[in-house]
Participant: 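This is the structure I have questions about; it appears just below.
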2 protein chains.
Amino acid sequence: MATISDVARRAGVSTATVSRALNGVSTVDPALVARVRAAAEELGYQPNGLARNLRRQETAVLALIISDVENPFFTAIARGVEDVAQTAGYSVVLCNSDESAEKERRYIDVALQERVAGVVISPTDEWAGVEMLLGRGTPVVAVDRPLRAGTGDQVLVDSRAAARAATEHLLAAGYQRVGCVTGPEGVRTADDRLAGYRDALGRRKRRERRAEYRAAGGEAATRALLAGAEPPDALLVANSAMAIGVLEALRAEGLRLGRDVGVVAFDDVPWATLIDPPLTVVAQPAYEIGAEAARLLLARIADGSLPPTATTLEAQLIERGSSHRA
Amino acid sequence: MATISDVARRAGVSTATVSRALNGVSTVDPALVARVRAAAEELGYQPNGLARNLRRQETAVLALIISDVENPFFTAIARGVEDVAQTAGYSVVLCNSDESAEKERRYIDVALQERVAGVVISPTDEWAGVEMLLGRGTPVVAVDRPLRAGTGDQVLVDSRAAARAATEHLLAAGYQRVGCVTGPEGVRTADDRLAGYRDALGRRKRRERRAEYRAAGGEAATRALLAGAEPPDALLVANSAMAIGVLEALRAEGLRLGRDVGVVAFDDVPWATLIDPPLTVVAQPAYEIGAEAARLLLARIADGSLPPTATTLEAQLIERGSSHRA
DNA sequence: TTGAAAGCGCTAACAA
DNA sequence: TTGTTAGCGCTTTCAA
């Protein structure tokens, strides 16, 4: 691959002039610029970003580390991050930690080693990974899951309040035995949503089940709950992938959505209105989370001394048929 | 951030020894290795990947450039690529070209400049971008959409045959006026699926409509088709995002799925069995496409002289209720 | 087994 | 306005 010296030789100038010409430094003779451009073109010259970044001590690349590429919530975040980053001239690379602390760790190492300009991350747990980044001076913004207070920027949704509101909605709709299907212990969003459910339930009897944040998990949890003595007549589901399994379990049991068992699920999904009755959801502003995270990250890259901020966005309960008896 | 010289100074050895110790070169005195390790640990040393890669002229990073992160088909490919890459010690960074040739171009530039080891791409068109990569000697594997014959590795699905089979299935199920909703002209998969539809239709009257590969596109196309003189009584839909719009339009018109209008859509989606009747789909082996692409890419990175291959995987028609009158 | 030194490709002082 | 030169942090000969 052609290097800057090849171009310099061909254009009959020094490498410094090539660098200046190609980077649009104004002090270069237009005639030379043209010659350099031509030479670069002829050689198919592509600047070596590694060398450039090594020299400049910076990269125009952001890393986005999320826990599940197949979850529409996270891909919507990705678009938000990307749109903002692009307009600022940054590229975004997406890394899938797959809810595994080890993979997350590996991607953090990569981010550190490749010296990305900043990282947006949905941390699998509160400490280890993010602190590595912070400790090395890499700007970080956490999304979806919190950091230890004051350690870094974060943009979150008040899951607990949303879960509480959703549960209250179910109660208000006349369901008597509201249950909750949530994710694994330690996954902060799963814990928060369960807590919100409990908040709303007060002294009523709890019917809760944890499982992995996937369809199979939702299905298993639902079956288990249904097999109990006084099975739930409504369910708060903490995640849209789980919701698929929940709905399948319900159907397998011959239970009618809404009429027999009310359901509210976290995350608005494109297919929510296609099922019958349509699914009531807690819609998180995923795109906006990503966009805001990117804005904060860019601001911090520009000025590392900014105080850490915590932004909380509101989720919105979208009532549809699945949470009504009628 | 600590550099290798900092570590060397602290351990009282040369930078060469640090490099050797940390990279597990066997000729280093175990005592020294321990000292170096300790020093690195104390300083929180993270090797600078930029410098290392610059020197080694290689990176253990693959780029995956896809046209829509929000499409489950592509995210499934991403997992396939990632799983294979990980076991070979490579990291994968995902870039979202968003069906835009310009964004694709920008990510290709980034890939080139960052000197990634290889690229898996779903090319927006056949030439420009991929040829830049090939021209600079970067190993490339195309997925989902073809390259010009013989230019590089590709792993595809025979969309045309699958579309034909799906259309024939609809015809065999007794639908008389089968229509087709497909993506924009020039998007290869959209064209292929339309071609397959036409293959099956033979001399029957065509009812086809193009729109963007999104729900809104599917909805608009369906409305337009339905507004015609002899509206279709069945639809082949070329993409799962469009399918959402198609189903919505049908419902808005009061048409019952299957009974009034039969539907087969490309790509198996998690919610296919949740709607009533469940959706008949053409399931593409997305994960396997990604995994195979990664295998081919790795092979080509190891040996650049390999002849270009073209792998074609089969799609599978999964018959469910939406394509039957009963 | 270890160290000295060159150099990957680029940019930025400094000189001219 | 242009060129010369140093050096970003690392790996890898070549000597010792």
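Residue numbers begin at 1 in each chain, while the letters A, B, ... track the order of the sequences. Just so you know, these numbers use all the heavy atoms, side chains as well, and skip hydrogens, waters and symmetry mates.
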Participant: Between A:Gln57 and D:dG9, does any side-chain N or O lie under 4.0 Å from OP1 or OP2?
Facilitator: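 Result: yes.
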Participant: Counting N and O atoms only, with roles assigned by atom type, does the side chain of B:Asn23 sit under 3.5 Å from a partner on the main chain of B:Val25, one being a donor and the other an acceptor?
Facilitator: no
Participant: Strictly below 4.0 Å, heavy-atom distances to any atom of DNA chain C: list the hits from residues 45-54 of chain A, or just say none.
Facilitator: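 Under 4.0 Å from DNA chain C: A:Tyr45, A:Pro47, A:Asn48, A:Ala51, A:Arg52.
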Participant: Using a heavy-atom cut-off of 4.0 Å across all strands, would you classify A:Thr17 as base, sugar-phosphate, or nothing?
Facilitator: sugar-phosphate
Participant: Look at the side chain of A:Arg55 and decide which nucleotide, out of D:dA6, C:dG3, C:dT2, has an atom nearest to it.
Facilitator: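 Nucleotide nearest to A:Arg55's side chain: D:dA6.
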Participant: Is the phosphate of D:dG9, meaning OP1 or OP2, less than 4.0 Å from a side-chain N or O of B:Thr3?
Facilitator: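 So the side-chain polar atoms of B:Thr3 never come under 4.0 Å of the phosphate oxygens OP1 or OP2 of D:dG9.
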Participant: Within this structure, what is the CZ-to-P distance between A:Arg35 and D:dT1, rounded to whole angstrom?
Facilitator: 16 Å
Participant: Nearest heavy atom decides the nucleotide; on that basis, is B:Arg115 or B:Val28 closer to the 5' end of DNA chain C?
Facilitator: B:Val28
Participant: Mind calculating the distance between CD (B:Glu114) and C1' (C:dC8) to the nearest angstrom?
Facilitator: 15 Å
Participant: Closer than 4.0 angstrom, basic N to acidic O: yes or no for B:Asp192 and B:Arg145?
Facilitator: no
Participant: Could you tell me how far apart A:Leu22 (CG) and C:dC10 (P) are, to the nearest whole angstrom?
Facilitator: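 Result: 10 Å.
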Participant: Can you name the one residue among B:Asp6, B:Val36, B:Ile4 that meets side chain to side chain contact (heavy atoms under 4.5 Å, CB included) with B:Tyr45?
Facilitator: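 Only one of B:Asp6, B:Val36, B:Ile4 forms a side chain to side chain contact (heavy atoms under 4.5 Å, CB included) with B:Tyr45, namely B:Ile4.
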Participant: Ignoring hydrogens and geometry, is there a side-chain-to-backbone donor-acceptor pair from A:Asp153 to A:Pro308 under 3.5 Å?
Facilitator: no
Participant: With respect to B:Tyr90, which candidate in B:Val61, B:Thr59, B:Ile301 satisfies the side chain to side chain contact (heavy atoms under 4.5 Å, CB included) definition?
Facilitator: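 The residue from B:Val61, B:Thr59, B:Ile301 that satisfies side chain to side chain contact (heavy atoms under 4.5 Å, CB included) with B:Tyr90 turns out to be B:Ile301.
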Participant: Would you mind reading off the distance between B:Ile4 atom CD1 and C:dG3 atom P, rounded to a whole angstrom?
Facilitator: 12 Å
Participant: Check this for me: does any side-chain nitrogen of one of A:Arg115 and A:Glu58 sit under 4.0 Å from a carboxylate oxygen of the other?
Facilitator: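 Salt bridge flag = no for A:Glu58 with A:Arg115.
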Participant: What is the distance, rounded to the nearest whole Å, between atom CG of B:Leu112 and atom C1' of C:dG9?
Facilitator: 15 Å
Participant: Indicate yes or no: does B:Asp98 engage A:Arg79 in a salt bridge with an N to O separation below 4.0 Å.
Facilitator: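 A salt bridge is present here (some side-chain N lies under 4.0 Å from a carboxylate O).
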Participant: Considering only heavy atoms and no angle criterion, is a donor-acceptor pair shorter than 3.5 Å present between the side chain of A:Arg20 and the base of D:dG3?
Facilitator: yes
Participant: Can you tell whether the side chains of B:Arg105 and B:Asp109 come within less than 4.0 Å, N to carboxylate O?
Facilitator: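 A salt bridge links B:Arg105 with B:Asp109.
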Participant: Can you tell me the distance, in whole Å, between the CD atom of A:Glu58 and the P atom of D:dG9?
Facilitator: 14 Å
Participant: Mark yes or no for whether A:Tyr107, through its side chain, and A:Ile66, through its backbone, hold a donor-acceptor pair below 3.5 Å.
Facilitator: no
Participant: State, to the nearest 10°, the angle formed by the axis through the first five base pairs of the helix from C:dT1-D:dA16 to C:dA16-D:dT1 and the axis through its last five.
Facilitator: 40°
